[in-house]
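Structure first, commentary second.
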Amino acid sequence: MEFYTDTLHELRFDSAELMPGFLTLLKKNCEHKQIDNVIGLTDVAFDFTEHYHAKIWPGAPMIITRAAGSRPKDIPSGFAYMPVNFDIDGTLATAKPSQPSARRLVIVSGAAKLDRRFAKRATSGARARQFHDWTVDVRSELSVPEPQHRLSALGTDTAVLYTTTYRDNNGRTHLPYELVAPMAKSSGAPIYGEYPSYLGHEMAAESVIGFETTGHLAGTLAASILIGKTPARRAIAAASTSRCIADAGVLGKLGLPAAALSENCELINVPPSFWREYRVVMLSAVGVVLLQALTIAALLWQRRHRRIAEDEATLRLDELSRAARFASAGELSASIAHEVGQPLGAILSNADAAGMMLKSGPETGELHSILADIRRDALRANQVVQRLRILLQKHTTTLDPLDLNSAFDEGLALLGPECRQRQIVIEATMSTESAWVLGDRVQLQQVLINLAINALDAMESTFAPNRILSVSTRVSGKGYELAVADRGHGIPADAGQRVFNSLYTTKPHGMGLGLSIVRTIVTTHGGQVWAAVREGGGSTFTVWLPAVPEPAMSIVRPEISKVSETTAVGTQPETQGGHL
Ligand code: ADP
């Protein structure tokens, strides 16, 4: 199948003198071709084919598309007919809801014969039908740009219906759609139209059938005639329904509500809304926020449970530390009993002496001295008992600023009797005046006692002159170091830092918990502990703790310290000269 297309443009411009030449050309063109079907598009083609079809395409079936509303009896009897719906009613119906207060319709068209015909049809359509409450003015035969000036005086109380301008009054020819945008730019009233090609050129709205639909219907009718299914005579194609299309951008610019249009009206050129424009970004952002919220909730849940676990662990550590302190106290008990026994024995002897003196007569001077001795011995016994009581009492970990040296002094005082019993000398070197850390006094003393008892155990078989327990503190970086060194058998070669693991022990009756507790306490205090082989034999255990600034106000010392302040240090001969 072949298609030939001839245009009738020239006829549009009413050029009657062109007709004879045009007819001759067309006739010659078709002379030796078999023409099976002729389709004439629009009223222009109808006029032409009505007059000339017998001359040019004799016998060929004719299909003619024409504006709807033409009466079938106007169609020649041999023609098939396909109505083309210029839906003036539908177009004006779209104007009503968006311009409810408008009472005037201005119809604008050109001056060509066809223009005038379209204008006439639109005018009679508008006047005759439901728009009778509108006044209808027709502005045709104007010369471009005249209509533009006139439209600029209008407002939204007027609707403009633009049909076609193939030629203006000055004889200038145009393609109708080209005038839509210039008119719309100057017009204060919305412009409605009847051709699909006007859309997108600032046409406000129209009710139209798309060119594709018209072409499809005409093609279907032609095919049906060609295969003999439909006789060409007076066949009428099904009319397709028009649909409303409105330019939301144009209506918005004029302040007319696009939302007022019927739901079936398709909106084009809808100004981008924030949601339409950034939907993906917004959905992603909401997704991210939700994910974050979930993550935060999960973290909070996790933190809560971690806190519970930490509290539980702290409680267990407190209990374990206390149990370990009981074990240490057990080890020290014999020497401590001896320590307490000494002053108690002295008190007894002094009390006996005082009694005898009272029997023999009033010798008050000597009696005063005896009472002073009794007081001193009682304080000494009390001091030992107090230290032990503090070490063993139930205790919750609390971190306060404290002076390491004073805490370790008290710890060393508890170790003193045991060292004396084991014939081990304590060498204490506290290198700074005060060493302030954030800590728990009892737990830090426990660190010292655990390290020291291990050192004493390690020196069990050490040659007497070397049985020295060295305890020292010094500034190190941003903190303080406590070093506990001995001349014992040294850390087992294969152990390394494993000595800090719980249940690691090389002692027959050891529990393997002392160093593990030390490490836990030190870590809780933000510090570190490590073991090293000591040059010349033995081992050194070093604890590092971060320093804090010395508090402005003096810290209230525990009870034991107050007692010791009233006690003469010289009551323990070994403590003099740096040895406890
Ligand atoms: P325990 O004293 O019950 O064995 P610890 O955890 O206190 O438990 O010590 C673990 C092990 O570390 C000890 O059994 C010992 O082998 C080793 N150790 C600890 N301190 C010293 C030290 N000063 N010298 C040599 N070995 C030590």
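All values below come from the heavy atoms of this structure, side chains included, with hydrogens, waters and symmetry mates left out. First listed ligand is number 1; within each ligand, the first listed atom is number 1.
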| request: Only one of M203, E206, H201, E202 passes side chain to side chain contact (heavy atoms under 4.5 Å, CB included) with I191; say which it is. | output: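 Result: among M203, E206, H201, E202, M203 is the only option passing the side chain to side chain contact (heavy atoms under 4.5 Å, CB included) with I191.
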| message | Less than 4.5 Å apart, side chain to side chain, heavy atoms only: is that true for S242 and V208? | response |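 Of all side-chain heavy-atom pairs linking V208 with S242, none is under 4.5 Å.
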| query | Less than 4.5 Å apart, any side-chain heavy atom of L261 and any of S98? | reply |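 L261 reaches S98 side chain to side chain.
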Give the residue, atom name and distance (to 0.1 Å) of the protein heavy atom nearest [atom].
atom: atom 27 (C) of ligand 1; result: F541 CZ, 4.4 Å
atom: atom 24 (N) of ligand 1; result: S539 OG, 3.1 Å
atom: atom 2 (O) of ligand 1; result: K507 NZ, 2.7 Å
atom: atom 15 (C) of ligand 1; result: T506 OG1, 3.4 Å

| Part of D486 with heavy atoms under 4.0 Å of ligand 1, whether side chain, backbone, both or neither |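 Just the side chain.
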With heavy atoms of [X] as the reference, note each atom of ligand 1 found under 4.0 Å away.
X: T505; result: 1 (P), 3 (O), 4 (O), 14 (O)
X: G490; result: 25 (C), 26 (N)
X: M511; result: 3 (O)
X: G510; result: 3 (O)
X: H489; result: 25 (C), 26 (N)
X: Y504; result: 10 (C), 11 (C)
X: V499; result: 10 (C), 12 (O), 17 (C)
X: L513; result: 6 (O), 8 (O)

| task | Return yes when G488 approaches ligand 1 closer than 4.0 angstrom through a heavy atom, no otherwise. | result |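 No.
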| query | Is there a heavy atom in F500 that sits closer than 4.0 Å to ligand 1? | reply |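 The answer is no, since F500 has no heavy atom less than 4.0 Å from ligand 1.
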| task | Kindly confirm or rule out an N or O of L515 lying under 3.5 angstrom from an N or O of ligand 1. | result |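 Such a contact does occur with ligand 1.
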| query | Between E319 and R316, does at least one N-O distance fall below 4.0 Å, as a salt bridge requires? | reply |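 Salt bridge present between E319 and R316.
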| task | Answer yes or no: is there an ion pair linking D457 with K507, defined by an N-O contact shorter than 4.0 Å? | result |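 A salt bridge links D457 with K507.
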| Option set G512, A495, G514, criterion heavy-atom distance to atom 1 (P) of ligand 1, minimum |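 The residue whose heavy atom sits nearest atom 1 (P) of ligand 1 is G512.
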| said: Measuring from atom 20 (N) of ligand 1, which candidate in V533, N454, I517, I491 has the nearest non-hydrogen atom? | reply: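 Shortest heavy-atom distance from atom 20 (N) of ligand 1: N454.
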| Among side-chain atoms of T473 and N405, is any donor-acceptor pair under 3.5 angstrom? |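 Distance-only check passes for T473 and N405.
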| query | D440 side chain to Q443 main-chain N or O, any donor-acceptor pair under 3.5 Å? | reply |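 Confirmed, D440 side chain pairs with Q443 backbone.
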| Hey, is the main chain of A435 close enough, under 3.5 Å, to the side chain of D403 for a donor-acceptor pair? |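 Yes, because the side chain of D403 sits within donor-acceptor range (under 3.5 Å) of the backbone of A435.
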| How are the rings of F500 and F541 set to each other: parallel, tilted or perpendicular (split at 30° and 60°)? |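 Aromatic pair F500/F541 classed perpendicular.
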| field | Taking every non-hydrogen atom, the tightest pair across S207 and D87 | value |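 Nearest heavy atoms, S207 then D87: OG-OD2, 2.7 Å.
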| query | About how many Å separate CG of L469 and CG of L415, when rounded to the nearest 0.5 Å? | reply |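 Spacing of CG (L415) from CG (L469) equals 7.5 Å.
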